[in-house]
Amino acid sequence: VDLELRPGVTVVGRVVDRRDYSPLAGAKIARRDGRALAITDARGRYQIEGYSRIVDHSDPLCASLPGYGEEVGHPIERDESVYLLNFALGPTLVISGQVTDGTNPVERAIVSVRARRLGDRPVEYATGITVAPPIEVVSAADGSFTVPAILAGAHRYVVDVKRAGYGDFSKEWSIRGIEAFDLGPIVLAPESWIDGVIFDEVGKPLANVLVQLRRTYPNASELTERSARTDSAGRFLFSGVGIGTYELTGAGDGLLLERTRVTIDQAGVVEEVEWLATSALEIFGVVQDQWYHPVAGVEVECASEDHFPLLRTTTTTEDGSFVFRAVPDGTYLLRARGPGGKTGCVCRGVIPLEQCPTLILEPLVEVSGRVTDGHGIPYPGAFVVLLPPAGGLGIELRATVDSDGVFAFPVDPGTGDLMIVAWPSEQAWLESVVDGNSNPIERVIDPLGVVHYCSPGDVLDPIVLDGR
């Protein structure tokens, strides 16, 4: 979202220890280029005067402190001249282990470790985005490895191991409350292959089709994603595949390939796949402002109600038009987000090729409130989640309250009834949606969560947490 650049904006916030939310003094607040802008005081507070208003997410702020991982975020507007950005830093973590083939150590294996929060991508918060790049090391002659300075406090860590002649290894660990962790032996199995062919409805092989492979079990990881294109005979090949379950997806002009799963249950095998491609539909339309003028550069989302979790994004051209190609027949939700913090109305229904929906941009509204304890005092570290309407499409919005216990979420004015759930801390929320093995729990509300219902534009009464 582009905003007009204006000097004189003040950015304020706190830096705390993620484990107990105690203030961190001496933390450096800097731009991504390393230029320091402020240092936190004894109470973990900082203030930056004369900071230019954020244009987009290309210039975030970073908080760092020796012994802790770096946190990256974007200030959010509190009022016309003051922006807010709080940071919660976790200590760095050392991860070690040994790579073997079950009998002997494996040297020169590439070990990649990444810290993350939930899902396959870093979670985007209303207060900013946390980015923790992977760290790579090479196993020694005895197969041992040590990965230093991993960001702690993310709770979930993905370890990928690759070595020529062996299948790829990927596993996810849940590590909390410690600063050193030994993974133990990591066993690599001989590599397997997935060999396939793609053809159309009349049996003709299809060349130059993009095929993507992703491990789904055990321990799904974005680091295991690989891609290939079919040759002139319609064939594709993935080598170096380990034991596990994989998902294949494909994309080609005017083609639709249903997701297919392949299971490798033993090492050193070739799994053959025959894949039928069918003709696909297109969704196209135009985005206009309130005066029916086309709007360029607007991000448009297309979410499917029939093919979850199909979600695509594109950007409008100079004449305000957009197109989504190779989509299956079904019901879709279209949403446009334009300059100045505006959003489009939604367009529902089965959208055939000849239909051209028009999205009209209109202003966002806020749902805001305050979290306190039983005595009306702001609740430090409280974590608030805004859930979309029951049975409706949309994304969760999440935020840690500011020092005054205040939170605010921008929402579409046409959104139905919403649910806000508050937890005493982000960790309490995290433990309510994943189990001890980092698997999603089939429930929304933890018994410790406090639930409120609201509508767009509401200013809620104080949400009271009893300190559990």
Side-chain angles (χ1 to χ4, degrees), residues 3 5-94 115-117 122-133 135 148-155 177-179 371 377-383 398-408 425-427:
L3 299 177
L5 281 173
R6 296 177 183 173
V9 171
T10 299
V11 179
V12 298
R14 288 185 76 203
V15 181
V16 298
D17 190 309
R18 184 179 298 280
R19 295 167 293 184
D20 57 8
Y21 294 97
S22 59
L24 294 178
K28 181 176 73 172
I29 312 299
R31 293 182 183 272
R32 288 304 295 268
D33 60 9
R35 183 163 64 92
L37 300 176
I39 301 294
T40 57
D41 60 20
R43 300 175 63 187
R45 298 182 182 276
Y46 73 90
Q47 182 169 315
I48 303 172
E49 301 284 355
Y51 190 73
S52 297
R53 199 171 283 207
I54 300 300
V55 179
D56 54 29
H57 279 189
S58 63
D59 189 22
L61 293 177
C62 306
S64 60
L65 184 67
Y68 289 82
E70 182 181 90
E71 181 90 359
V72 183
H74 301 271
I76 60 173
E77 188 172 6
R78 184 171 173 181
D79 56 43
E80 186 175 351
S81 60
V82 178
Y83 276 62
L84 175 69
L85 178 57
N86 294 322
F87 295 95
L89 303 185
T92 53
L93 169 70
V94 176
R116 66 179 185 176
R117 296 178 187 263
V123 171
E124 183 172 330
Y125 293 91
T127 55
I129 300 175
T130 296
V131 178
I135 296 179
I150 287 291
L151 176 65
H155 306 306
I178 58 177
E179 298 180 14
V371 181
I377 300 174
Y379 200 104
F383 193 71
R398 313 178 184 103
T400 301
V401 301
D402 65 18
S403 56
D404 296 322
V406 174
F407 63 88
S425 66
E426 181 182 355
Q427 182 173 351

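Keep in mind that what you see is a predicted model, and the values were worked out from it rather than measured.
Using a 4.5 Å heavy-atom cutoff, the side chains of Val371 and Phe383 are not in contact. Annotation: side chain of Thr10 is in contact with side chain of Gln47 (closest heavy-atom distance under 4.5 Å). Side-chain atoms of Lys28 and Leu65, non-hydrogen and from C-beta on, never get closer than 4.5 Å to each other. Contact check for Leu24 versus Leu89: side-chain heavy atoms found under the 4.5 Å cut-off. The shortest distance between side-chain heavy atoms of Leu85 and Ile76 does not fall below 4.5 Å. Taking the side chain as every heavy atom from C-beta outward, Ile29 and Val15 approach each other to under 4.5 Å. Side-chain contact between Pro23 and Thr40: absent, with no pair of heavy atoms (C-beta onward) separated by less than 4.5 Å. Considering only heavy atoms from C-beta on, Tyr46 comes within 4.5 Å of Phe87 through its side chain.
Rounding to the nearest 0.5 Å gives a distance of 12.5 Å between SG of Cys62 and CZ of Arg35. Atoms CZ and OG1, from Phe407 and Thr400 in turn, are 12.0 Å apart once rounded to the nearest 0.5 Å. Going from atom CG of Leu84 over to atom CZ of Arg14 covers 11.5 Å, rounded to the nearest 0.5 Å.
In this structure, Asp402 contributes its side chain and Asp404 its backbone to a donor-acceptor pair below 3.5 Å. At distances below 3.5 Å, at least one donor-acceptor pair connects side-chain atoms of Asp41 with backbone N or O atoms of Arg45. In terms of modelled atom types and a separation under 3.5 Å, the side chain of Asn86 and the main chain of Gly13 share no donor-acceptor contact.
In this structure, Ala30 and Ala36 approach most closely via the heavy-atom pair CB-CA, 3.8 Å. The heavy-atom pair separating Ala25 from Ala42 by the smallest distance is CB-CA, 3.8 Å.
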Q: Might you work through the side-chain contact (heavy atoms from CB on, under 4.5 Å) test for Tyr83 and Ile48, ending with a clear yes or no?
A: CA-CA 10 Å; Tyr83 276 62; Ile48 303 172; over 6 Å; no
